[in-house]
Amino acid sequence: VGVLSNINDTIRHIARVRRDIRERTDWLVLANSVDTIRKAKAENHLAVSFNFQDTLPFSNALDMVQIYYDLGVRQAGLAYNLRNLVGDGCAEKNDAGLSNFGREVVQEMHRVGMLVDGSHVGYRTTMETMEAGGGPFIFSHSNPFAVHPHYRNIKDDQIKACVATGGLVGINGVGAFVGDVNAP
């Protein structure tokens, strides 16, 4: 669907997908908890959740974190390559780090139990977020910079800091990020 950047469009999209899930209960379930996921697996169903690659849908309204969590959003990336109200993305020339509003957003995400994702996020922004603490931090789809030096990949100290939060690093197979544009 692309990056949804306003509250109205995002709520409408979530409502549409939730309706689709309700209409397919024979094989789909909304993953609101680990127990729901385990139950879905035991019943051979697919558990799905909502995840944002950017905090743009929060707009400048901190209260939207709780609203989106209540609607099923369980993970959000802080920025998608470029600067936003929360912090800088990995494609910014000057990584200014986490904003004051960003610190509040991260605290609120931790409070409600929403995973904070650093994929597509600037180095300094991720490090400041992890240093602030509060809960697990993840890189849902990032690759090691040491394997292939691409601005989108993460450095060893980011990986170690992520693990120290109790988080994890998921990798991806996009050719440009692994050094082989023809990778399958």
Side-chain angles (χ1 to χ4, degrees), residues 1-87 89-91 101-102 104-121 126 129 134-143 152 162 165-178 183-184:
V1 171
V3 176
L4 297 171
S5 61
N6 69 60
I7 293 170
N8 187 43
D9 289 346
T10 305
I11 296 287
R12 287 178 184 274
H13 181 73
I14 290 172
R16 189 170 43 253
V17 173
R18 287 180 65 99
R19 182 193 63 226
D20 290 344
I21 293 168
R22 280 192 313 275
E23 291 174 355
R24 294 167 177 83
T25 56
D26 56 321
W27 68 282
L28 282 178
V29 64
L30 184 61
N32 285 321
S33 68
V34 173
D35 289 339
T36 304
I37 295 167
R38 288 183 177 135
K39 183 178 182 215
K41 182 179 180 187
E43 296 174 358
N44 203 29
H45 287 81
L46 178 63
V48 296
S49 68
F50 296 101
N51 306 287
F52 296 155
Q53 288 205 89
D54 199 325
T55 52
L56 289 176
F58 298 156
S59 188
N60 62 349
L62 193 59
D63 293 333
M64 291 310 298
V65 175
Q66 180 71 59
I67 297 296
Y68 286 131
Y69 185 85
D70 292 345
L71 292 172
V73 177
R74 294 298 183 261
Q75 169 189 333
L78 297 175
Y80 188 82
N81 295 338
L82 303 174
R83 177 177 298 128
N84 65 21
L85 292 174
V86 168
C90 62
F101 177 67
E104 292 177 353
V105 167
V106 168
Q107 281 184 320
E108 183 66 1
M109 289 173 70
H110 285 310
R111 185 192 71 76
V112 304
M114 188 181 294
L115 287 170
V116 180
D117 190 347
S119 295
H120 296 278
V121 179
T126 63
T129 302
F137 184 91
I138 67 169
F139 289 98
S140 63
H141 57 291
S142 295
N143 292 330
R152 175 66 176 70
C162 176
T165 71
L168 60 85
V169 176
I171 60 171
N172 70 63
V174 175
F177 306 146
V178 296

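Put simply, the side chain of Thr165 gets close to the backbone of Phe137: a donor and an acceptor are under 3.5 Å apart. Panel note: side chain Asn172, backbone His141; a donor-acceptor pair is recorded below 3.5 Å. Judged by distance alone, with hydrogens and angles left aside, the side-chain atoms of Asn84 form a donor-acceptor pair with the main-chain N or O of Gly87 at under 3.5 Å. Looking at Ser49, its side chain never comes within 3.5 Å of a backbone N or O of Ala31 through a donor-acceptor pair. Between the side chain of Ser140 and the backbone N or O of Gly170, no donor-acceptor pair lies under 3.5 Å. Side-chain atoms of Arg18 never come within 3.5 Å of backbone atoms of Ile14 as a donor-acceptor pair (strictly under, hydrogens ignored).
Going from atom CE of Met114 over to atom CZ of Phe50 covers 11.5 Å, rounded to the nearest 0.5 Å. With rounding to the nearest 0.5 Å, the separation of NE2 in His110 from OG1 in Thr129 is 7.5 Å. Interatomic distance, Leu56 CG to Asp9 CG, rounded to the nearest 0.5 Å: 12.0 Å. Rounding to the nearest 0.5 Å gives a distance of 12.5 Å between CZ of Arg22 and CG of Leu28.
Taking the side chain as every heavy atom from C-beta outward, Thr55 and Leu85 never approach each other to under 4.5 Å. Looking at heavy atoms from C-beta onward, Thr36 lies out of side-chain contact with Leu30 at the 4.5 angstrom threshold. Residues Asp117 and Phe52 are not in side-chain contact: their nearest non-hydrogen atoms beyond the backbone lie 4.5 Å or more apart. The closest side-chain heavy-atom distance from Lys39 to His45 is not below 4.5 Å. In this structure, the side chains of Arg152 and Ser119 come closer than 4.5 Å at one or more pairs of heavy atoms.
Remark: Ile171 CD1 is loosely packed, at most 12 non-hydrogen atoms of other residues, nucleotides or ligands lying under 6.0 Å away.
Nearest heavy atom pair, residue Ala40 against residue Val29, reads CB-CG1, 3.3 Å.
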Identify all side-chain donor-acceptor contacts of residues 58-74 below 3.5 Å with residues at least two apart in sequence or on another chain.
{"from": "Gln66", "atom 1": "OE1", "to": "Arg111", "atom 2": "NH2", "distance (Å)": "2.7"}
{"from": "Gln66", "atom 1": "NE2", "to": "Asp70", "atom 2": "OD1", "distance (Å)": "2.8"}
{"from": "Tyr68", "atom 1": "OH", "to": "Pro57", "atom 2": "O", "distance (Å)": "2.9"}
{"from": "Arg74", "atom 1": "NE", "to": "Asn32", "atom 2": "O", "distance (Å)": "3.4"}
{"from": "Arg74", "atom 1": "NH1", "to": "Tyr69", "atom 2": "O", "distance (Å)": "2.6"}
{"from": "Arg74", "atom 1": "NH2", "to": "Asn32", "atom 2": "O", "distance (Å)": "3.3"}
{"from": "Arg74", "atom 1": "NH2", "to": "Asn32", "atom 2": "OD1", "distance (Å)": "3.2"}

